[in-house]
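A short write-up of the structure that comes next.
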Number of protein chains: 2
Amino acid sequence: MELSASMERFVLHWGEMGTRWGVNRSVAQIHALLYLSPNPLPAEEIAEILGIARSNVSTSLKELQSWKLVRLSHALGDRRDHFTTETDLWQLLLTIVEERKQREIDPTLAVLRQCVDEAEDDPHTPKEVKRRMTRMLDFMETLTTWYRQMVRLPKGTLVALMKMGGKVAKLVS
Amino acid sequence: MELSASMERFVLHWGEMGTRWGVNRSVAQIHALLYLSPNPLPAEEIAEILGIARSNVSTSLKELQSWKLVRLSHALGDRRDHFTTETDLWQLLLTIVEERKQREIDPTLAVLRQCVDEAEDDPHTPKEVKRRMTRMLDFMETLTTWYRQMVRLPKGTLVALMKMGGKVAKLVS
DNA sequence: CCATTGTTTCCGTTATTTCTGAATAGAAGA
DNA sequence: TCTTCTATTCAGAAATAACGGAAACAATGG
């Protein structure tokens with residue numbers, strides 16, 4: 001496959017965005033390419049299209065697989081692995097959020113609990129500081145509780161709720 | 001100010017999290033420190049506490065100010081600038097989201113529109129690819145529309161909605 | 001088995017980012 | 001005006017991350 005101008009723009013921009021969110025450029029580019037590609041691509045071809053080393057593609061695909069963003073597939077009569085990514089963007093979003101939660105939010109909650117516990121009866125930590133740590137913990141717990149409930153809803157409900165936008169506010173009043 | 005063990009843990013972890021989200025370690029550490037600090041801190045003191053160069057603190061504070069996460073303040077009889085950060089975490093979240101939207105989402109939408117336009121009558125871009133670009137654009141527009149409506153609600157309403165959790169789903173059925 | 005094809009790992013190189021210390025600029029007070 | 005205190009800028013050093021190529025490894029088919 002040869003990239004058209006707009007495909008190239010898409011892929012390059014995605015790579016750029018990746019770096020701003022803590023994902024390296026190659027990884028993000030590969031993800032973008034797979035998202036656009038109508039058919040699964042073998043690593044070799046990804047390397048060619050993006051002009052990066054085959055080994056780099058291998059590493060990046062492993063990374064993407066660890067994020068559950070890329071799946072393996074095979075074509076008849078072809079020994080090579082082919083790769084695809086989720087094309088349902090709602091599902092994609094949920095996967096990314098879930099994965100980041102597990103990798104970053106959960107450990108952060110653990111650290112916060114540890115901080116709050118440790119500070120509890122430590123005379124070196126000012127009262128106000130304890131209060132702020134506790135507030136941060138509570139805040140993040142509120143958000144994750146909300147997240148857990150939202151993620152459990154059927155996807156259709158979720159989409160419908162979002163499309164309602166501000167109208168949900170009526171519920172509160 | 002001297003950091004207690006739990007304060008140090010908090011600050012270090014925050015720094016670590018920063019790097020995972022595209023914010024550099026010093027910037028995130030300074031933000032964490034200011035969040036904990038009961039009173040505004042001068043740059044000099046921040047440098048001492050965190051053990052980083054004064055110049056680095058200056059740069060990082062500028063960065064934080066550009067994100068609207070840090071404000072300047074002054075103490076009587078002290079020529080030095082002092083710095084504080086938002087302690088209302090809802091407000092903090094909104095600020096970060098708004099800023100990232102402006103810096104990353106809006107430009108991405110622009111690029112996506114450009115991609116879709118350009119691909120429109122370009123024979124080199126397969127039909128399916130066009131469809132996927134369009135789907136991405138629609139998806140991100142749906143999310144930002146939702147965001148714009150949510151952010152307009154009074155903070156109390158927002159909090160209340162979130163605390164309701166999955167119960168809002170009743171609205172849909 | 002062996003040859004071939006495909007994949008991953010490893011390590012040195014390159015590129016990028018972050019950080020520091022020195023120099024500079026700017027304010028405030030004497 | 002001169003001095004002192006504070007803040008910023010900047011060039012290079014240090015640290016980190018990304019990348020490529022070679023070699024090792026694994027799987028398949030003959």
Side-chain angles (χ1 to χ4, degrees), chain A residues 11-34 39-67 69-84 103-104, chain B residues 11-34 40-67 70-84 103-104:
Chain A
V11 167
L12 290 177
H13 183 79
W14 221 245
E16 219 50 56
M17 282 306 102
T19 63
R20 300 240 197 161
W21 290 82
V23 179
N24 92 39
R25 183 170 285 110
S26 319
V27 171
Q29 285 184 354
I30 292 174
H31 184 250
L33 176 60
L34 291 176
N39 28 55
L41 297 176
E44 177 65 31
E45 197 174 341
I46 295 174
E48 265 173 33
I49 296 175
L50 298 179
I52 59 185
R54 177 67 185 73
S55 59
N56 189 3
V57 173
S58 181
T59 311
S60 300
L61 284 169
K62 274 275 168 305
E63 170 88 4
L64 284 165
Q65 283 173 284
S66 86
W67 283 87
L69 292 177
V70 155
R71 284 192 312 278
L72 255 161
S73 74
H74 287 94
L76 280 175
D78 192 339
R79 286 167 48 190
R80 298 174 304 172
D81 294 344
H82 288 59
F83 300 88
T84 5
R103 295 176 185 217
E104 284 130 23
Chain B
V11 168
L12 290 177
H13 183 79
W14 222 244
E16 219 51 56
M17 281 308 101
T19 63
R20 302 240 195 160
W21 290 82
V23 179
N24 93 39
R25 184 170 287 113
S26 320
V27 171
Q29 285 183 355
I30 292 175
H31 184 249
L33 176 60
L34 291 177
L41 297 176
E44 176 65 32
E45 196 175 341
I46 296 175
E48 265 174 33
I49 295 175
L50 298 178
I52 60 185
R54 178 66 185 75
S55 59
N56 190 3
V57 173
S58 183
T59 312
S60 300
L61 283 169
K62 274 274 167 309
E63 171 87 5
L64 283 165
Q65 282 174 284
S66 86
W67 283 88
V70 157
R71 283 193 313 277
L72 255 161
S73 74
H74 287 95
L76 279 175
D78 191 340
R79 285 168 47 190
R80 299 172 303 172
D81 294 344
H82 288 59
F83 300 89
T84 5
R103 296 176 184 218
E104 284 130 23

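In the text below, chain A, chain B and the rest are named by the order of the sequence lines, each starting its count at 1. Quick note: numbers below take in every heavy atom, side chains included, and nothing from hydrogens, waters or symmetry partners.
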Minimum side-chain heavy-atom gap B/H82-B/L72 below 4.5 Å: no
Euclidean distance, atom CG of residue B/L61 to atom C1' of C/dT18 [Å, nearest integer]: 16 Å
Is the shortest side-chain N/O distance from B/N24 to OP1 or OP2 of D/dT16 below 4.0 Å? no
Could you give the CD1-to-P distance, from A/I52 to D/dA18, as a whole number of Å? 13 Å
How long is the line joining CZ of A/R80 and P of C/dT7, in whole Å? 7 Å
Nearest whole Å is fine: how far is D/dC19 C1' from A/Q29 CD? 12 Å
Expressed as a whole number of angstroms, how long is the span from A/E16:CD to D/dA18:P? 13 Å
What's the NZ-P distance between A/K62 and D/dA26, to the nearest Å? 13 Å
Quickly work out the A/D78 CG to C/dT4 P distance and round it to whole Å. 19 Å
Closest heavy-atom pair, A/S60 versus A/S26, reported as atoms and distance to 0.1 Å, is OG-CB, 3.8 Å
Does NZ or CZ of B/R103 come closer than 6.0 Å to the centre of the six-membered ring of B/W67, within 45° of the ring's axis? yes
Thinking salt bridges, do B/E44 and B/R80 make one under a 4.0 Å N-O criterion? no
Determine, for nucleotides 22-30 of chain C in 5'-to-3' order, which nucleotides have protein heavy atoms under 4.0 Å from the base (write B), from only the sugar-phosphate (write S), or from neither (write -). B----BS--
Residue-phosphate contact under 4.0 Å: B/S58 side-chain N/O, D/dT8 OP1/OP2: yes
With the side chain counted from C-beta on, respond yes when B/L34 and B/I46 share a heavy-atom pair under 4.5 Å apart, and no when they do not. yes
Describe the nucleic acid contact of A/N56 in one word from base, sugar-phosphate, nothing, applying a heavy-atom distance below 4.0 Å. sugar-phosphate
So, do B/V70 and B/F83 sit near enough that their side-chain heavy atoms are less than 4.5 Å apart? yes
Nucleotide D/dA23, atom P - distance to CZ of A/R54 in whole Å: 17 Å
Does the side chain of A/I30 come within less than 4.5 Å of A/N56's, by heavy atoms? no
